[in-house]
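Down below is the structure, laid out as structure tokens.
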Amino acid sequence: MSKSARNRNARKNVLTQREVPWGGIAFFTVIGVIAVVAIAYAFMQTRSSASAGSASIAGLVQKDGLGREHTTSPVKYDVSPPMGGDHDPTWQNCDARVYDQPLRNENAVHSLEHGAVWITYRPGLDAAQLDRLKTKVAATDYTFLSPYPSLDAPIALTAWGKQVKIQDAGDQRVDAFLRAFVKGPQTPEPGAACNGAKDAA
């Protein structure tokens, strides 16, 4: 091959040679890292704001280390209403439900595991207060309301491992509790169903 032919082939190879686009790779890598950091920061802010909100609820009782086994047998709970523990395999429907009869603890506790807040009231609660609770539940998914005959306060709000007892439905802690704990960070099974199971007391 002549020298001029070799030069033509060399020029052709330079023109057709592919180079790795390092600039583009670096750009998209940086964008990806920024996106991951932003998402992680937003997640942590959400969790910390929920924790901060729960810390400001006066009278909040918290319980850790609760069992989560399924059983069809009655469970003896050490808190009334129970805040968690072993429970029935079937959850109580809790999609903004109002019940006029007491519920079985074991089914209600399963709903707490799914992120629901159970509002209970002592029978004989003033009709205006009861109506206020019903309105609150009707407007809030993952909540359910029922009478609780042995309740030692007029009203109790219960989530998994969290509870506050109050005297009046107008207490601002009702909204604070719902904001903090409806599908809150305490939920063992976030995103689990709140309907399609037990629909009656």
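Numbers for residues simply follow the sequence, beginning at 1.
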Measure the shortest side-chain to side-chain distance between [X] and [Y] over non-hydrogen atoms and say whether it is less than 4.5 angstrom.
| X | Y | result |
| --- | --- | --- |
| F181 | Q163 | no |
| P147 | D100 | no |
| E106 | Y77 | yes |
| H110 | T90 | no |
| Q167 | D171 | no |
| K162 | L60 | yes |
| F177 | V117 | yes |
| H87 | L112 | no |

Under 4.5 Å between side-chain heavy atoms, hopping through other hydrophobics if needed: is there a path connecting [X] to [Y]?
| X | Y | answer |
| --- | --- | --- |
| V137 | V109 | no |
| I166 | L151 | no |
| V164 | I155 | yes |
| L103 | V98 | no |
| Y142 | I57 | yes |

Grab the two heavy atoms, one from [X] and one from [Y], that are nearest each other, plus how far apart they are.
| X | Y | value |
| --- | --- | --- |
| K198 | Y99 | O-OH, 3.8 Å |
| S80 | K165 | O-NZ, 3.1 Å |
| G67 | W160 | O-CH2, 3.5 Å |
| P102 | A201 | O-CB, 3.4 Å |
| T120 | P81 | OG1-CG, 3.4 Å |

Distance (rounded to the nearest 0.5 Å) between [X] [atom1] and [Y] [atom2]:
| X | Y | atom1 | atom2 | answer |
| --- | --- | --- | --- | --- |
| D141 | C94 | CG | SG | 8.0 Å |
| T140 | K136 | OG1 | NZ | 7.0 Å |
| T143 | D95 | OG1 | CG | 9.0 Å |
| K183 | H114 | NZ | NE2 | 13.0 Å |
| F144 | T158 | CZ | OG1 | 8.5 Å |
| Q186 | D64 | CD | CG | 11.0 Å |

Kindly say whether the aromatic ring centers of Y148 and W118 come within a distance under 6.0 Å.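 Yes; W118 has its ring centre under 6.0 Å from that of Y148.
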I'd like to know if the side chain of [X] reaches the main chain of [Y], judged simply by a donor and an acceptor atom lying under 3.5 Å from each other, with no hydrogens or angles considered.
| X | Y | answer |
| --- | --- | --- |
| N107 | W91 | no |
| T71 | S73 | yes |
| Q129 | A169 | yes |

Pair R122 + D152, salt bridge at N-O below 4.0 Å: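 D152 and R122: not salt-bridged.
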Should the pair R68-D86 be classified as a salt bridge under the 4.0 Å nitrogen-to-oxygen rule?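 The answer is no: the pair does not qualify as a salt bridge.
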Applying the side chain to side chain contact (heavy atoms under 4.5 Å, CB included) criterion to P82, which one of L66, V75, N105 satisfies it?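 For P82, the side chain to side chain contact (heavy atoms under 4.5 Å, CB included) check succeeds only for N105.
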So V79 and V61, side chain to side chain contact (heavy atoms under 4.5 Å, CB included) or not? Walk me through it. CA-CA 10 Å; V79 177; V61 176; over 6 Å; no
How far apart are the C-alpha atoms of L145 and L130, what are their side-chain angles, what is the distance that settles it, and do they pass the side chain to side chain contact (heavy atoms under 4.5 Å, CB included) test? CA-CA 10 Å; L145 173 73; L130 183 55; 4.2 Å; yes
